[in-house]
A.B. asks: 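A single structure is presented below for examination.
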Amino acid sequence: TTKRGSEGKSTLSVSANVSIQNATNVPDLLNASQYAALNNDMMLNSGNTPNPEFADPASLGAGTDWMDELLNNGVQHKHNLTISGGGEKSNYYLSAGYSKQFGVVKYADDNNTKYNLRMNYDYRITDWLKLETKVALDNNKRTDVGSNGAWVIGEAILDMPNHPVYNADGNFFTQGGWSNAVALAKESETATFKTREMNGNFRLIANIIDGLTLTAQAGVNYKNKNNEDIAKAIPLYTWDNNITYYTGAGSPEQSAVDRTTEETVYQNYTAYLNYDKNFGPDHHLDAMLGMAYETEEVRMFMARRDNFI
């Protein structure tokens with residue numbers, strides 16, 4: 001934030017809000033009887049025999065609404081606290097925030113949690129020398145459906161409306177090589193994405209003589225990311241309760257865990273002299289001399305283990 005405190009009594013502000021979120025632009029998909037009728041037309045128009053399971057499309061009814069099985073409303077709440085004030089020589093602005101967002105996939109841990117802290121502090125050291133500081137801390141943890149489960153909404157769009165979510169034995173159903181969006185959402189491992197970031201900016205402003213100002217500034221940005229993603233093989237069953245297909249990872253032997261750590265340090269330093277002065281009513285001089293230096297260092301480590309689960 002660029003907000004700064006001002007001279008006077010300390011001011012305290014607290015805010016909180018809760019919001020309900022839902023998926024937008026959800027496609028209007030065919031139900032089971034509509035799909036069967038359209039499939040019959042396709043087969044006849046191409047000179048093929050229709051699927052005998054679709055002999056009476058109306059008898060199939062609505063079937064499975066995969067988007068309705070998968071999605072619900074998400075909830076987000078935010079809380080903020082700010083304190084500001086100042087005196088003759090200094091002023092300050094401090095803010096702290098917390099937010100939690102619950103995603104729209106029913107069974108998944110698709111959440112986002114954020115913490116942040118901001119501090120702006122100005123101090124006039126002498127009549128001609130002033131220090132300005134800005135410090136910001138951020139901590140973010142996002143979770144999602146692991147591995148191919150990130151494709152879970154796309155899978156719900158493609159899943160067959162004439163397929164139930166479960167077979168008669170209560171196991172996740174499939175046939176014909178199709179997947180099962182609810183199985184992906186409910187049984188996939190959770191992928192985690194953690195980010196911690198610190199920004200610091202410090203500026204010293206010196207009015208050396210009339211018209212001559214020196215400004216020196218140092219900035220540091222540190223960011224650390226830790227990500228973990230697990231691919232898990234989730235069995236899907238026929239109506240006879242035989243495993244026919246694995247979703248997520250293609251088989252138990254293809255289960256895997258991936259971990260990535262990334263650390264970035266960015267630094268920048270600037271200093272410049274500015275001379276700005278009028279000489280009489282007709283002459284004005286404005287000159288600047290400066291220098292800048294910046295550096296960035298990135299370190300990344302990635303590891304993977306197969307046949308993890």
Side-chain angles (χ1 to χ4, degrees), residues 1-5 11-19 21 74-85 90-105 108-123 130-147 149-150 189-205 215-230 257-271 292-304:
T1 180
T2 58
K3 294 181 179 179
R4 319 194 77 82
T11 301
L12 173 66
S13 175
V14 179
S15 65
N17 67 73
V18 177
S19 60
Q21 302 171 329
V75 178
Q76 182 179 34
H77 54 91
K78 296 181 179 180
H79 310 272
N80 288 283
L81 170 70
T82 62
I83 303 173
S84 63
S90 65
N91 57 69
Y92 60 89
Y93 181 91
L94 179 68
S95 70
Y98 165 76
S99 68
K100 179 79 171 184
Q101 182 180 24
F102 298 89
V104 297
V105 177
D109 182 11
D110 57 334
N111 304 324
N112 196 358
T113 305
K114 295 181 180 181
Y115 302 88
N116 65 72
L117 182 66
R118 303 282 187 272
M119 184 188 74
N120 295 340
Y121 179 73
D122 300 338
Y123 182 70
K130 181 182 180 182
L131 175 66
E132 296 179 351
T133 63
K134 296 180 183 179
V135 177
L137 304 174
D138 292 277
N139 190 334
N140 183 28
K141 180 182 178 182
R142 182 174 64 86
T143 55
D144 205 345
V145 183
S147 186
E189 295 293 323
T190 299
T192 59
F193 307 90
K194 299 178 181 178
T195 302
R196 296 178 176 88
E197 188 170 4
M198 187 278 289
N199 281 283
N201 188 278
F202 309 90
R203 177 160 43 176
L204 199 63
I205 303 171
T215 303
Q217 180 172 292
V220 179
N221 174 261
Y222 171 81
K223 181 181 289 186
N224 180 277
K225 295 181 178 180
N226 284 283
N227 302 334
E228 179 179 274
D229 194 7
I230 299 175
V257 58
D258 290 280
R259 289 181 178 172
T260 304
T261 300
E262 181 180 330
E263 186 178 77
T264 303
V265 179
Y266 171 77
Q267 303 174 63
N268 72 81
Y269 305 92
T270 61
Y293 171 80
E294 62 181 337
T295 178
E296 183 177 49
E297 181 180 0
V298 180
R299 297 178 180 178
M300 180 181 290
F301 176 78
M302 294 182 289
R304 177 184 174 91

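Just so it is clear, the structure is predicted and the values come from calculations on it, not from any experiment.
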A.B. asks: Please evaluate residues D138 and N140 with respect to the criterion side-chain hydrogen bond (donor to acceptor under 3.5 Å, both in side chains), reporting the C-alpha separation (whole Å), side-chain torsions for both, the decisive distance (0.1 Å), and the verdict.
C.D. replies: CA-CA 7 Å; D138 292 277; N140 183 28; over 6 Å; no

A.B. asks: Show the nearest heavy-atom pair for residues D110 and V105, with the distance to one decimal.
C.D. replies: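 The pair with the smallest heavy-atom distance is OD2-N, 3.4 Å.
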
A.B. asks: Give the table of side-chain donor-acceptor pairs shorter than 3.5 Å for residues 193-203, with sequence neighbours excluded, one pair per line with atom names and distance.
C.D. replies:
from	atom 1	to	atom 2	distance (Å)
E197	OE2	N221	ND2	2.9
N199	OD1	N221	ND2	2.5
R203	NE	E132	OE1	3.2
R203	NH2	E132	OE1	3.2

A.B. asks: Partners of Q217 by side chain to side chain donor-acceptor pair (under 3.5 Å), sequence neighbours excluded?
C.D. replies: none

A.B. asks: For D258, which residues count as a salt bridge (charged side-chain N to carboxylate O under 4.0 Å, His left out) partner, sequence neighbours excluded?
C.D. replies: R304

A.B. asks: Taking only residues two or more places apart in sequence, or in another chain, which ones meet Q21 in a side chain to side chain donor-acceptor pair (under 3.5 Å)?
C.D. replies: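 Checked Q21 against side chain to side chain donor-acceptor pair (under 3.5 Å); matches are Q76, Q101.
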
A.B. asks: Roughly how far apart are Y92 OH and D122 CG, rounded to 0.5 Å?
C.D. replies: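 Here the rounded value is 13.0 Å.
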
A.B. asks: To check you understand the geometry: which heavy-atom pair defines the closest contact between A191 and D229, and what is its length?
C.D. replies: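 Smallest interatomic distance, heavy atoms only, reads CB-OD1, 3.4 Å.
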
A.B. asks: Checking side-chain polar atoms at under 3.5 Å, does D109 have a donor or acceptor matched by the opposite partner on N111?
C.D. replies: yes

A.B. asks: For a quick test of reading the model, state the closest non-hydrogen atom pair linking L137 to R118 and the distance between them.
C.D. replies: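 Residues L137 and R118, closest heavy atoms: O-NH1, 3.4 Å.
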
A.B. asks: Of all residues at least two apart in sequence or in a different chain, which pass the ring-ring contact (aromatic ring centres under 6.0 Å, His included) check with Y115?
C.D. replies: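 Testing Y115 for ring-ring contact (aromatic ring centres under 6.0 Å, His included), a comparison that skips the adjacent residues, returns Y98.
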
A.B. asks: Please tell me if the side chains of Y93 and K134 come closer than 4.5 Å, counting only heavy atoms from C-beta onward.
C.D. replies: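 With C-beta onward as the side chain, the pair stays apart.
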
A.B. asks: If you take all heavy atoms of T270 and A292, which pair is closest and at what distance?
C.D. replies: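 T270 and A292 have their closest heavy atoms at CG2-CB, 3.8 Å.
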
A.B. asks: Taking salt bridge (charged side-chain N to carboxylate O under 4.0 Å, His left out) as the test, write out the residues that go with E294, two or more places apart.
C.D. replies: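 None.
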
A.B. asks: With a 4.5 Å cut-off on side-chain heavy atoms, are L12 and L81 touching?
C.D. replies: yes

A.B. asks: For the CG atom of N120 and the OG atom of S84, what is their distance to the nearest 0.5 Å?
C.D. replies: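 Spacing of CG (N120) from OG (S84) equals 10.5 Å.
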
A.B. asks: Can you see which heavy atom on A96 is nearest to which on L117, and at what distance?
C.D. replies: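 Between these two residues, the closest heavy atoms are CB-CD1, 4.0 Å.
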
A.B. asks: What's the verdict on side chain to side chain contact (heavy atoms under 4.5 Å, CB included) for Y121 and L131, showing C-alpha distance, side-chain angles and the deciding distance?
C.D. replies: CA-CA 8 Å; Y121 179 73; L131 175 66; 5.8 Å; no

